[in-house]
Amino acid sequence: MHHHLIVIAKVNTAADSVNCDSLNNMLSELVKEIRMNKLFEPIVVYGKYGYTGIAGIVTSHIAFHYFENEKTLHFDVYSCKEYDLGIVMNFLDSFWNVDKADVVFIERDHGPKITEMAYVGKKLLKRNTPSHNNK
């Protein structure tokens with residue numbers, strides 16, 4: 001199993017609630033929430049445009065980039081162990097206060113199979129666009 005979730009979201013989180021410590025905690029809590037095991041402690045750094053973070057998990061990784069000025073979050077979860085997309089999106093929403101998000105889920109097992117979705121109004125909705133599946 002090779003599942004890759006890619007999220008690009010506009011967020012409304014309060015600027016004073018985002019710092020390296022809170023983001024480290026967020027990554028640690030997400031690892032627990034999706035029932036994964038840490039390979040190493042999360043690393044978060046602050047740079048010119050915002051924050052970048054990564055958490056190694058035994059089955060792969062969770063990574064993000066948060067661009068402060070645009071209030072845009074780019075977030076990935078790649079794993080060889082199954083996880084629940086709804087749990088991930090609800091978790092992200094609870095921390096980041098997601099306004100809307102474009103979501104791509106890639107199942108790399110056979111293909112890949114690509115599913116495009118939107119996260120709006122606290123709901124994950126499949127898009128009616130054709131898949132970009134390669135066979």
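Hydrogens, waters and symmetry mates are skipped; everything else that's a heavy atom, side chains included, is used.
Asn97 pairs by the side-chain hydrogen bond (donor to acceptor under 3.5 Å, both in side chains) definition with nothing, not counting sequence neighbours. Remark: Asp102 pairs with Arg127 by the side chain to side chain contact (heavy atoms under 4.5 Å, CB included) rule, at least two apart or across chains. Not counting sequence neighbours, the partners of Glu29 by the side-chain hydrogen bond (donor to acceptor under 3.5 Å, both in side chains) test are Lys32. Every residue was checked against the side-chain hydrogen bond (donor to acceptor under 3.5 Å, both in side chains) condition with His61, not counting sequence neighbours, and none meets it. Partners of Ala15 by side chain to side chain contact (heavy atoms under 4.5 Å, CB included), not counting sequence neighbours: none found. Taking Asn19 as the reference, Asp21, Ser22, Tyr51 meet the side chain to side chain contact (heavy atoms under 4.5 Å, CB included) condition, with sequence neighbours excluded. Residues satisfying the salt bridge (Lys or Arg N to Asp or Glu O under 4.0 Å) criterion with Glu107, sequence neighbours excluded, are Lys113. Residues meeting the side-chain hydrogen bond (donor to acceptor under 3.5 Å, both in side chains) test with Thr72, sequence neighbours left out: none. For the side chain to side chain contact (heavy atoms under 4.5 Å, CB included) test, residues two or more places apart in sequence or in another chain that qualify with Thr52 are Val45, His65.
Sorted by first then second residue, the salt bridge (charged side-chain N to carboxylate O under 4.0 Å, His left out) pairs that include residues 40-62, not counting sequence neighbours, are Lys38-Glu41. Residue pairs meeting the salt bridge (charged side-chain N to carboxylate O under 4.0 Å, His left out) criterion with at least one partner in residues 52-63, sequence neighbours excluded, do not occur; the list is empty. Sequence neighbours left out, the pairs with a member in residues 77-94 that pass salt bridge (charged side-chain N to carboxylate O under 4.0 Å, His left out) are Asp93-Lys122.
Using a 30° and 60° split on the angle between ring planes, Phe64 and Phe75 fall in the parallel class, below 30°.
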Notebook entry, point to check: When you look at His3 and Tyr78, which way does the ring-ring contact (aromatic ring centres under 6.0 Å, His included) test go after all the steps?
Noted result: CA-CA 6 Å; His3 289 176; Tyr78 181 81; 9.1 Å; no
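Surrounding CZ of Phe67 are more than 12 heavy atoms belonging to other residues, nucleotides or ligands, all under 6.0 Å away.
Neither side chain, Glu33 nor Tyr83, offers a donor N or O lying under 3.5 Å from an acceptor on the other.
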